[in-house]
Amino acid sequence: QVQLVESGGGSVQAGGSLRLSCAASGYTYGLNCWAWFRQPPGKEREAVAGIYTNGGSIAYADSVKERFTISEDNAMNTIYLQMNSLKPEDTAMYYCAASGMVSWLCMDRVRSGRTAAFAAWGQGTQVTVSS
């Protein structure tokens, strides 16, 4: 069983930055597709960014391109989401998710926001951006 723990959320003003971390522990073998999702209040969960590990593909939602960067530290079993130029509409609970799948399917599932494709989820970390 794998455990994912997010951290790094908080409250910032518009234009500010935050760096989210997702630390994985337990049985992580085979988990090669990692993603960040977010769920604004009263709305559905949506994919923000995804990465196929070990230097593989990366995908971003159009709303965060050029502002957010997903990265990995395999030695630490950790995934990061650097968020710059934050906007009030970025306010949401942010979740880390992981699963095992081939690269093209990983990117497809991230771009389509298919939450059911991801087997492991963290508990979420809140990001609040004020104007």
Side-chain angles (χ1 to χ4, degrees):
Q1 189 173 0
V2 62
Q3 293 81 41
L4 305 181
V5 179
E6 303 97 332
S7 61
S11 297
V12 296
Q13 290 190 327
S17 298
L18 284 173
R19 189 194 195 200
L20 305 183
S21 299
C22 172
S25 62
Y27 190 74
T28 61
Y29 179 79
L31 295 181
N32 50 20
C33 180
W34 295 77
W36 286 97
F37 285 75
R38 68 185 180 186
Q39 188 164 14
K43 296 186 179 180
E44 293 187 354
R45 195 168 296 190
E46 62 182 8
V48 174
I51 185 169
Y52 191 77
T53 58
N54 295 319
S57 304
I58 289 176
Y60 294 99
D62 288 342
S63 59
V64 306
K65 281 180 180 177
E66 309 299 329
R67 299 190 298 122
F68 290 10
T69 303
I70 189 171
S71 61
E72 58 177 327
D73 184 338
N74 287 331
M76 298 294 293
N77 277 340
T78 302
I79 300 292
Y80 303 97
L81 186 68
Q82 177 67 42
M83 306 186 295
N84 299 327
S85 302
L86 283 162
K87 305 176 181 180
E89 51 264 43
D90 294 318
T91 294
M93 183 71 79
Y94 283 71
Y95 299 90
C96 174
S99 196
M101 61 186 85
V102 296
S103 177
W104 71 265
L105 192 61
C106 174
M107 295 297 101
D108 177 82
R109 294 302 181 255
V110 170
R111 293 189 179 102
S112 61
R114 296 279 293 275
T115 57
F118 292 86
W121 289 85
Q123 82 290 349
T125 185
Q126 178 68 39
V127 171
T128 302
V129 185
S130 57
S131 58

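In this structure, the side chain of Thr125 engages the main chain of Gly9 through a donor-acceptor pair within 3.5 Å. Using modelled atom types, no side-chain atom of Thr69 and backbone atom of Gln82 make a donor-acceptor pair closer than 3.5 Å. Ser99 places a side-chain N or O within 3.5 Å of a backbone atom of Ala117 that can act as its donor or acceptor partner. Thr91 contributes no side-chain N or O that, together with a main-chain N or O of Glu89, makes up a donor-acceptor pair within less than 3.5 Å. Looking only at distances, no side-chain donor or acceptor of Gln39 sits under 3.5 Å from a matching main-chain atom of Met93.
Summarising the geometry of Leu31 relative to Tyr27, their closest heavy-atom pair is CD1-O, 4.4 Å, with the distance given to 0.1 Å. Contact between Ala47 and Ala61 at its shortest, heavy atoms only, is O-CB, 3.5 Å. Shortest non-hydrogen contact noted between Val110 and Ala59 is CG1-CB, 4.1 Å. Between Val2 and Ala120, the shortest heavy-atom contact is CG1-CB, 3.4 Å. The nearest pair of heavy atoms linking Gln123 to Val5 is OE1-CA, 3.8 Å. A pairwise comparison of heavy atoms in Cys22 and Leu4 identifies SG-CB, 4.0 Å as the closest pair.
Between Glu46 atom CD and Ser63 atom OG the span is 5.5 Å, to the nearest 0.5 Å. Atom CD1 in Ile51 sits 4.0 Å away from atom CD in Glu72 (nearest 0.5 Å). How far OG of Ser71 is from CD1 of Ile58: 8.0 Å, rounded to the nearest 0.5 Å.
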List the steps, then state whether side chain to side chain contact (heavy atoms under 4.5 Å, CB included) holds for Ser21 with Met76. CA-CA 11 Å; Ser21 299; Met76 298 294 293; over 6 Å; no
CA sep, side-chain torsions, deciding dist, call: Asn84, Ser17, side-chain hydrogen bond (donor to acceptor under 3.5 Å, both in side chains): CA-CA 4 Å; Asn84 299 327; Ser17 298; 2.9 Å; yes
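Two residues are said to be in side-chain contact when any heavy atoms from C-beta on lie closer than 4.5 Å; Leu81 and Glu6 fail this criterion. Looking at heavy atoms from C-beta onward, Ser7 lies out of side-chain contact with Arg19 at the 4.5 angstrom threshold. Leu18 has its side chain out of reach of Phe68: every pair of non-hydrogen atoms, C-beta onward, lies at least 4.5 Å apart. Contact annotation: the side chain of Arg109 approaches that of Phe118 to within less than 4.5 Å [non-hydrogen atoms, C-beta and beyond]. In this structure, Tyr94 and Met83 have side chains that are in contact, with non-hydrogen atoms separated by less than 4.5 Å.
Follow the hydrophobic side-chain contacts under 4.5 Å out from Trp34 and you never reach Tyr52; the two are in separate clusters. Residues Leu86 and Ile70 share a hydrophobic cluster, clusters being chains of Ile/Leu/Val/Met/Phe/Trp/Tyr side chains in contact below 4.5 Å. Using a 4.5 Å cut-off between side-chain heavy atoms of Ile, Leu, Val, Met, Phe, Trp and Tyr, with links allowed through other members, Val127 and Val12 fall into the same hydrophobic cluster. By the criterion of side-chain heavy atoms lying less than 4.5 angstrom apart, applied directly or through intervening Ile, Leu, Val, Met, Phe, Trp or Tyr residues, Val48 is not grouped with Tyr80; the two fall into different hydrophobic clusters. Met101 is not connected to Trp36 by any chain of hydrophobic side-chain contacts under 4.5 Å among Ile, Leu, Val, Met, Phe, Trp and Tyr, and they are in different clusters.
By the ring-ring contact (aromatic ring centres under 6.0 Å, His included) test, Tyr95 is found to be paired with no residue, residues two or more places apart in sequence or in another chain being considered.
Residues Asp108 and Arg111 are not paired through a salt bridge, judged by the lack of any N-O separation under 4.0 Å between the basic side chain and the carboxylate.
A cation-pi arrangement, defined by a distance under 6.0 Å to the six-membered ring centre and an angle within 45 degrees of its axis, is present between Arg45 and Trp121.
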